[in-house]
Amino acid sequence: MSDDLSLWRAVISQAFADAATTGMRRETVLERSDARHWLTTPSQDFHEVCALADLEPTQVRTLAIKHIAEADADTKGENRGHLRGRVGQLITDANGESLTVAQWAERLGIAENTITHRLRKGLPIEQMLAPRFEKARAHA
């Protein structure tokens, strides 16, 4: 394998490692978020790196999504309180589609912090991803 090919594969490997890290320091959270976004959101940069690594971008993305989901499942028991609302966490809707908070926000036209706030409150998926929902009010 050429040195260039090894270098670009190492870049992708590092992104996988960063996407699965569990630390809660600000720098770690930002690195995890950046890696997850880069691995799961189509971009010219991602496609170029995959081409330089001689890898198929769609296959790399599919493996990355699986890797992230497994990392989240592995940490669920030990960091349950921190997992909810974690940056880059995959959220699966009722139809089984898994996207990050940033991806859901872009798709649905909802602010990321709105979805994150709803996630932290523990709202049902239908309310979490709803463009707008009414809070139940007590009637006197």
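Rounding to the nearest 0.5 angstrom, the gap separating the NE2 atom in His37 from the CD atom in Gln103 is 7.5 Å. In this structure, CG on Asn113 lies 10.0 Å from CZ on Arg118, to the nearest 0.5 angstrom. Atom CD1 of residue Ile115 and atom CH2 of residue Trp104 lie 8.5 Å apart, to the nearest 0.5 angstrom.
The side chain to side chain donor-acceptor pair (under 3.5 Å) contacts involving residues 6-16 comprise Gln14-Asp18, where partners must be two or more places apart or lie in separate chains. Screening residues 57-68 for side chain to side chain donor-acceptor pair (under 3.5 Å), with sequence neighbours left out, gives Glu56-Thr58.
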Mind listing the side-chain donor-acceptor pairs of residues 43-53 below 3.5 Å, one per line with the distance, residues two or more places apart or on another chain?
from, atom 1, to, atom 2, distance (Å)
Ser43, OG, Phe46, N, 3.1
Gln44, NE2, Glu48, OE2, 3.3
Asp45, OD2, Trp38, NE1, 2.7

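Under the 4.5 Å side-chain heavy-atom criterion for grouping Ile, Leu, Val, Met, Phe, Trp and Tyr, Leu55 is connected to Val11 within one hydrophobic cluster. Connection of Val101 to Leu108 is established within a shared hydrophobic cluster, with ILVMFWY side chains joined at heavy-atom distances below 4.5 Å, either directly or through further cluster members.
Looking only at distances, no side-chain donor or acceptor of Thr114 sits under 3.5 Å from a matching main-chain atom of Ile110. Thr40 places a side-chain N or O within donor-acceptor distance of the main-chain N or O of Arg36, the cut-off being under 3.5 Å.
Scanning both residues, Ala20 and Ala71, for their nearest heavy atoms gives CB-CB, 3.6 Å. Across all non-hydrogen atoms, the minimal contact from Leu39 to Ala15 is CD1-O, 3.6 Å.
Glu31 pairs by the side chain to side chain donor-acceptor pair (under 3.5 Å) definition with nothing, not counting sequence neighbours.
Considering only heavy atoms from C-beta on, Leu99 comes within 4.5 Å of Arg107 through its side chain. Put simply, the side chain of Phe16 reaches to within 4.5 Å of the side chain of Val60, judged on heavy atoms. Contact of the Leu30 side chain with the Glu27 side chain is not registered, since no non-hydrogen atoms from C-beta on lie closer than 4.5 Å.
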